[in-house]
Student: 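Structure incoming, see below.
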Amino acid sequence: MVGLSELEKVRLEKSERLRKAGQEPYPHQARRTHTTQEAIQAYESAEETATIEATVVGRLRSIRKMGKVTFAHVEDGAGKLQLFLRENELGSERMDQFADDFDLGDFIEAQGTMFRTRTGEITLHVVTFRMLAKSLTPLPAAKEEIVDGESVMHSEFSDPEARYRQRYADLAVNPEVRETFRTRAAIIRALREFLDQRGFLEVETPILQPIYGGAAAKPFTTHHNQLHQDLFLRISFELYLKRLLVGGFEGVYEIGRDFRNEGVSFKHNPEFTQLEFYQAYTDYEGVMTLTEEMVAFAAEQVLGTTTVSYRGEEIDLSPPWKRIELAQALKDAVGIDIRNHADAGSLRKAMAATGQEASAQASRGKLIDILLGNTLEPTLIQPTILYDYPREISPLAKSKPDDPNTVERFEGFIGGMELCNAFTELNDPLEQEARFQEMGREFDVDDEELHPMDEDYLRAMRYGMPPSGGFGMGVDRLTMLFADKTSIREVILFPHLRSKDVEAGDGEGANE
RNA sequence: GGCCCCGUAGCUCAAUUUGGCAGAGCAUCGCACUCUUAAUGCGCAGGUUGAAGGUUCAAGUCCUUCCGGGGUCACCA
């Protein structure tokens, strides 16, 4: 082995010493009769009436040596259990071995009988123990103190970079991090349950796409060698899911990964998890109601309440949410009525008059988006639905019957963050083609933003797509909200970080 | 990509303001201790201060460049 630290070398010696003593430091099988919590419950329900024998397994998380007696805690997936080892029963040789060759972080198996210590803690009185997997690298030396029943961490492993790069160590020593990812899994389970109950079909559509679309984002590109074909990692599922409405499914959804080749921030990761659903014979108002019910249902399932605390704010997710027309909300917030500014120049002047800077190239739709993002979005703490968006930033949404420049689209905001985006789907193939061309013109100036025309999607639409409502939501952001995390990296197990180590010698990090 | 902040022992942090021998707690190692729980007491050891250059008698500290992270702005149909 190369590159072992002094601390690791010491542990490697212990491992070899165990092996020489006939004890395999990495045995093939573990035996377990109880999880730590099952052992405690078994004792609690049988206390003083029976002898409870248990074999538990897990990681050694604390060791307190008191001479001829030793206390330790072992942690498994269910929780922690205190171990009690005494030289009287185990003999000095085994006590010494535990003291000398067993370390914090080792996975062990311990068999014994349950009892209660003088201080009242339910504990396993160990009869035999053995190594299940020797830990060579010491875990970060966090210590946990219980004050009035609350856990207080000391020397907590807290450096964000180290935690993200070594998530395994983060998870191993920070129980609340494990809890965050249980919450995440529960959210996804709840979303599935909600949609399944309503007859939606869960589907999987291509991640490798010959043409990308469905969102405004730069894609990652890749290549299929044998087919000599460039491919894109999807930036959205939208165009494929809507093809399925053409095919006759009346409700479809997909939960999966999108990839966007753009900036990284506290709410952006290059790959992120999206939920999209599409439902035939409804429109954006129907989707609004479904959205409110779905988020409230998930909160109830995951947290047992529809009230969440996010960044110190109490947020009530129960329906109905505040619904306000985008134009009205902007007028209320900044005093600019976008309905009175039909072109970009006029709107830019009005924004400048209130101190809002905006680039000269930005279209009217883009300016509205900037206005929304800068002034309104951060103030939308309680769940709020803004509806009726400008057409030019919504090429896949259907116009309002009485106003061709406004589309039936809404976005849901919670905690000052855009959570979801939905609209009545544009299903007129000729208008869709015109919209694509309109977008193409807008982005002619910037090749990277120019989206290719998806002819196959237009063909699908020409076969006929029922009137429908569609919806997309960032699952990572919903998790941030439910778990009260202010960075998306806290809810993604392995968030993207710039590569650091160049010791492999291929200079990978040096060519940026 | 711009701007601001940060990078010191395995972990958490001092020392940077005003350049002057790089320190502590935990973890590790040794000793003591038969109901502890941040166990305790005593002792030892542990460092290329992210990297490379520069200024200086002297650099963790000042300057330049680079690497990495955090924040923020820009970007994000």
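Proteins get letters first, then strands, A, B, ... in listed order; numbering begins at 1 in each.
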Student: A side-chain contact here means heavy atoms from C-beta on lying under 4.5 Å apart; do A/Gln432 and A/Asn427 qualify?
Tutor: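 They are not in side-chain contact.
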Student: Taking atom P of B/rC67 as reference, at what distance in whole Å does atom CZ of A/Arg165 sit?
Tutor: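 The distance from CZ of A/Arg165 to P of B/rC67 comes to 13 Å, rounded to the nearest Å.
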Student: Should the side chain of A/Thr70 and the base of B/rU36 be counted as holding a donor-acceptor pair, with the cut-off at 3.5 Å?
Tutor: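 No, the side chain and the base share no sub-3.5 Å donor-acceptor pair.
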Student: Between B/rA38 and B/rU12, how many Å separate the two C1' atoms, rounded to a whole number?
Tutor: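 These two C1' atoms come out 13 Å apart once rounded.
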Student: Testing the basics here: between A/Phe237 and A/Arg257, what is the closest heavy-atom pair and its distance to 0.1 Å?
Tutor: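 It is CE2-O, 3.9 Å.
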Student: Is the distance from OP1 or OP2 of B/rC35 to the nearest side-chain N or O of A/Arg64 less than 4.0 Å?
Tutor: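 Negative; the distance criterion is not met.
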Student: For the base of B/rU37, is there a side-chain donor-acceptor partner from A/Glu121 under 3.5 Å away?
Tutor: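 Indeed there is one.
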Student: I need the minimum non-hydrogen distance between A/Leu426 and A/Met465, along with the two atoms involved.
Tutor: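 That closest heavy-atom pairing would be O-CE, 3.9 Å.
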Student: Can you check whether A/Leu18 reaches A/Lys14 side chain to side chain, under 4.5 Å on heavy atoms?
Tutor: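 Heavy-atom side-chain distance check fails, nothing below 4.5 Å.
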Student: Please state whether the base of B/rU12 and the side chain of A/Ser158 form at least one donor-acceptor pair under 3.5 Å?
Tutor: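 Looking at the base of B/rU12, it does not pair with any donor or acceptor on the side chain of A/Ser158 (distance under 3.5 Å).
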Student: How would you label the contact of A/Glu156 with the nucleic acid (heavy atoms, under 4.0 Å): base, sugar-phosphate, or nothing?
Tutor: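 The answer is sugar-phosphate, as A/Glu156 gets under 4.0 Å only of primed atoms, P, OP1 or OP2.
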Student: Given A/Phe220 and A/Phe232, is the ring pair (Phe, Tyr, Trp, His ring centres under 6.0 Å) satisfied, shown in steps?
Tutor: CA-CA 6 Å; A/Phe220 288 92; A/Phe232 304 97; over 10 Å; no
Student: Given B/rC76, B/rG69, B/rU12, which nucleotide is nearest the side-chain atoms of A/Asp159?
Tutor: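 Within the option list, the nearest is B/rU12.
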Student: Verify the distance criterion only: is there a donor paired with an acceptor across the side chains of A/Gln41 and A/Tyr43 at less than 3.5 Å?
Tutor: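 There is no such pair (donor and acceptor under 3.5 Å, judged by atom type) between the side chains of A/Gln41 and A/Tyr43.
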Student: Which pair of heavy atoms, one from A/Arg409 and one from A/Tyr389, lies closest together, and at what distance?
Tutor: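 A/Arg409 and A/Tyr389 have their closest heavy atoms at O-CD1, 3.4 Å.
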Student: Is the backbone N or O of A/Phe272 less than 3.5 Å from a side-chain atom of A/Asn269, with the two atoms forming a donor-acceptor pair by type?
Tutor: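 Such a contact is absent between A/Asn269 side chain and A/Phe272 backbone.
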Student: Taking OP1 and OP2 of B/rG70, is either one under 4.0 Å from a side-chain nitrogen or oxygen of A/Arg498?
Tutor: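 No, because none of the side-chain N or O atoms of A/Arg498 sits under 4.0 Å from OP1 or OP2 of B/rG70.
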Student: Would you give a per-nucleotide map of nucleotides 23-33 of chain B, 5' to 3', where B means the base has a protein non-hydrogen atom under 4.0 Å away, S means only the sugar-phosphate does, and - means neither?
Tutor: --BBSSS---B
Student: Using the C1' atom on both, measure B/rU49 against B/rA15 and round to a whole Å.
Tutor: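 11 Å, rounded to whole Å.
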Student: Quickly work out the A/Phe157 CZ to B/rC11 C1' distance and round it to whole Å.
Tutor: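 Rounding to the nearest Å, CZ of A/Phe157 and C1' of B/rC11 are 8 Å apart.
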Student: Identify which nucleotide among B/rC76, B/rU37, B/rA77 has an atom closest to any side-chain atom of A/Glu262, counting heavy atoms from C-beta outward.
Tutor: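 Out of B/rC76, B/rU37, B/rA77, the nucleotide with an atom closest to A/Glu262's side chain is B/rC76.
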Student: What is the nucleic acid contact for A/Arg163, judged by heavy atoms within less than 4.0 Å: base, sugar-phosphate only, or nothing?
Tutor: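 Result for A/Arg163 = nothing.
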Student: What integer distance in Å separates A/Arg61:CZ from B/rA38:P?
Tutor: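 Roughly 15 Å, once rounded to whole Å.
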Student: How far does the P atom of B/rC62 sit from the matching atom of B/rC4, given to the nearest Å?
Tutor: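 Comparing P positions in B/rC62 and B/rC4 gives a spacing of 15 Å.
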Student: Looking only at atom P, what distance separates B/rA32 and B/rU17, rounded to whole Å?
Tutor: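 Result for the P pair: 47 Å, nearest Å.
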Student: Got a donor-acceptor pair under 3.5 Å from the side chain of A/Asn88 to the base of B/rU34?
Tutor: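 Yes.
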Student: Among the nucleotides B/rC35, B/rG71, B/rA77, which one has an atom lying closest to any side-chain atom of A/Phe115?
Tutor: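 Between B/rC35, B/rG71, B/rA77, the one nearest the side chain of A/Phe115 would be B/rC35.
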Student: Report yes or no: is there a donor-acceptor pair, N or O only, under 3.5 Å between the side chain of A/Glu145 and the base of B/rU37?
Tutor: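 A donor-acceptor contact between them is absent.
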Student: Measure the distance from CD on A/Glu144 to P on B/rU12 and round it to the nearest whole Å.
Tutor: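 It is 17 Å, rounded to the nearest whole Å.
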Student: Evaluate the criterion side-chain contact (heavy atoms from CB on, under 4.5 Å) for residue pair A/Thr35 and A/Val56; output intermediate values, then yes/no.
Tutor: CA-CA 6 Å; A/Thr35 67; A/Val56 300; over 6 Å; no
Student: Parallel, tilted or perpendicular: which fits the ring planes of A/His125 and A/Phe115, with parallel below 30° and perpendicular above 60°?
Tutor: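 Judged by the thresholds at 30° and 60°, the geometry between A/His125 and A/Phe115 is tilted.
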Student: Within this structure, what is the CG-to-P distance between A/Asn269 and B/rG69, rounded to whole angstrom?
Tutor: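 The answer, rounded to whole Å, is 12 Å.
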Student: Roughly how many Å apart are B/rU18 and B/rA59, using the C1' atom of each and rounding to a whole number?
Tutor: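 Nearest-Å result for B/rA59 against B/rU18 at atom C1': 14 Å.
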Student: Which dot-bracket notation, 5' to 3', represents the base pairing of RNA chain B when pairs are defined as Watson-Crick or G-U with both distances under 3.5 Å, crossing pairs as [ ], and inter-strand pairs as |?
Tutor: (((((((..((((......[..))))..((((.......))))......(((((..]....))))))))))))....
Student: Measure from CG on A/Leu372 to C1' on B/rC76 and round the result to the nearest Å.
Tutor: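 My rounded result for the distance is 13 Å.
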Student: Go through residues 71-81 of chain A and report each residue with a non-hydrogen atom lying under 4.0 Å from RNA chain B, sorted by number.
Tutor: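 Only A/Phe71, A/His73 qualify.
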Student: Is there side-chain contact between A/Thr273 and A/Ile255, with at least one heavy-atom pair below 4.5 Å?
Tutor: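 Yes, close enough: below the 4.5 Å cut-off.
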Student: Quick one: A/Phe98 CZ to B/rU34 C1', roughly how many Å, whole number?
Tutor: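 It works out to 15 Å between those atoms.
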Student: Centroid-to-centroid, A/Phe410 to A/Phe423, below 6.0 Å?
Tutor: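 Between A/Phe410 and A/Phe423, the centre distance exceeds or equals 6.0 Å.
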Student: Taking atom types as they are modelled, is there a donor-acceptor pair under 3.5 Å from the base of B/rU36 to the side chain of A/Thr117?
Tutor: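 Indeed, a donor on one side and an acceptor on the other fall under 3.5 Å apart.
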Student: With a non-hydrogen cut-off below 4.0 angstrom, is A/Arg391 in contact with a base, only sugar-phosphate, or nothing?
Tutor: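 A/Arg391: no heavy atom of the nucleic acid under 4.0 Å.
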Student: Can you tell me, in whole Å, how much space there is between the P of B/rU64 and that of B/rC21?
Tutor: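 One P to the other, the span is 25 Å.
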Student: Heavy-atom count check: over 12 atoms from other residues, nucleotides or ligands less than 6.0 Å from A/Glu176 CD?
Tutor: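 More than 12 within 6.0 Å, yes.
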Student: Take the angle between the ring planes of A/Phe102 and A/Phe129 and call it parallel below 30°, perpendicular above 60°, tilted in between.
Tutor: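 Plane angle over 60°, so perpendicular.
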Student: If you measure from the P atom in B/rA14 to the same atom in B/rG2, how many Å do you get, rounded?
Tutor: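 Looking at atom P only, B/rA14 and B/rG2 are 29 Å apart.
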Student: Quick one: A/Leu497 CG to B/rG50 P, roughly how many Å, whole number?
Tutor: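 Spelled out: CG on A/Leu497 to P on B/rG50 is 19 Å.
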